[in-house]
Amino acid sequence: QVQLVESGGGLAQSGGSLRLSCAASEGSFRQYTVGWFRQVPGKEREFVAAISWNGEITRYADSVKDRFTISRANSRNTVNLQMNMLKLEDTGVYYCAGDDRAWRRPGSTTSDYDVWGQGTRVTVSS
């Protein structure tokens, strides 16, 4: 099964930027829909963004629209999340997730995905 590893998390100031990456262990990842979710203690994991296997379809949560951009480089088995104009409320652990049912529209719930990375922490400070 594909394994996913997130990287790029860290500390950023409000208004700043971070770029997260999700790297996959196998080339079959190119056929996966990929989503990014985030979670803070005491809350459910929430949808951030998703991208179809070919990059043609993207979805964003309203809270990150026009600030975050999801993209993928299938030649490198990676999906990136560029986060700009960061806000305090963007703080959390960010997870990438994969769905091998490429014919499906990118989902926005955790049940749409069956492969998960271990997460990378993002902290936004004022």
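Hydrogens, waters and symmetry mates play no part in the numbers below; they use all other heavy atoms, side chains included.
Hydrophobic clustering of Ile, Leu, Val, Met, Phe, Trp and Tyr side chains at less than 4.5 Å, counting indirect connections, unites Val79 with Val2. Following chains of ILVMFWY side-chain contacts shorter than 4.5 Å, one cannot reach Leu18 starting from Val5, and the two form parts of different hydrophobic clusters. Linking ILVMFWY side-chain heavy atoms closer than 4.5 Å, directly or via other members, places Val93 and Trp36 in two distinct hydrophobic clusters. Taking hydrophobic clusters as Ile, Leu, Val, Met, Phe, Trp and Tyr residues chained together by side-chain heavy-atom distances below 4.5 Å, Val34 does not share a cluster with Trp103.
By the 30° and 60° cut-offs, the orientation of the rings of Trp116 relative to Tyr113 is perpendicular. Using cut-offs of 30° and 60° for the angle between ring planes, the Phe47 and Phe37 rings count as perpendicular.
The minimum heavy-atom distance linking Val48 with Leu81 is given by the pair CG1-CD2, 4.1 Å. Considering every non-hydrogen atom in both Ser17 and Ala12, the closest pair reads O-CB, 4.3 Å. The two residues Tyr94 and Met83 make their nearest non-hydrogen contact at CE2-SD, 3.8 Å. Scanning all heavy atoms of the two residues, the minimum distance from Tyr95 to Arg45 falls at CZ-NH2, 3.5 Å. Residues Val40 and Thr91 come closest through the heavy atom pair CG1-O, 3.1 Å. Here the shortest heavy-atom pairing between Thr58 and Ile70 reads CG2-CG2, 3.8 Å.
The CZ atom of Arg121 lies 10.5 Å from the CD atom of Gln39; values are rounded to the nearest 0.5 Å. Going from atom OG of Ser25 over to atom CG of Asn77 covers 8.5 Å, rounded to the nearest 0.5 Å. Here the CG-OG1 distance, from Asn84 to Thr69, works out to 6.5 Å after rounding to the nearest 0.5 Å.
Within the structure, every pair that satisfies the disulfide bond (SG atoms under 2.5 Å apart) test and touches residues 7-96, not counting sequence neighbours, is listed here: Cys22-Cys96.
Residue-environment remark: CD (Gln3) stays at or below the threshold of 12 foreign heavy atoms within 6.0 Å. Under a cut-off of 6.0 angstrom, the local environment of CZ in Arg19 is crowded, with over 12 non-hydrogen atoms contributed by other residues, nucleotides or ligands.
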- Query: Can you list the steps and then say if Ser125 with Leu11 is a side chain to side chain contact (heavy atoms under 4.5 Å, CB included)?
  - Reply: CA-CA 7 Å; Ser125 64; Leu11 179 64; 4.1 Å; yes
- Message: Before you tell me yes or no, could you show the steps for Ser63 and Arg38 under side chain to side chain contact (heavy atoms under 4.5 Å, CB included), namely the whole-Å CA-CA distance, both residues' side-chain angles and the distance that decides it to 0.1 Å?
- Response: CA-CA 12 Å; Ser63 59; Arg38 65 189 180 191; 3.5 Å; yes
- Task: Could you give me the CA-CA distance, side-chain angles and deciding distance for Thr78 and Phe29, then say whether side chain to side chain contact (heavy atoms under 4.5 Å, CB included) is met?
- Result: CA-CA 8 Å; Thr78 59; Phe29 183 66; 5.8 Å; no
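Asn80 and Gln82 share no donor-acceptor pair across their side chains, judged by distance under 3.5 Å alone.
A 4.5 Å side-chain heavy-atom check between Leu20 and Glu6 finds every atom pair outside the cut-off.
Under the 6.0 Å distance and 45° angle rule, Arg72 does not count as a cation-pi partner of Tyr32.
Just one of Arg101, Arg104, Gln31 meets the side-chain contact (heavy atoms from CB on, under 4.5 Å) condition when paired with Trp53; it is Gln31.
Taking the charged nitrogens against the carboxylate oxygens, Asp90 and Lys87 have no contact shorter than 4.0 Å, which rules out a salt bridge.
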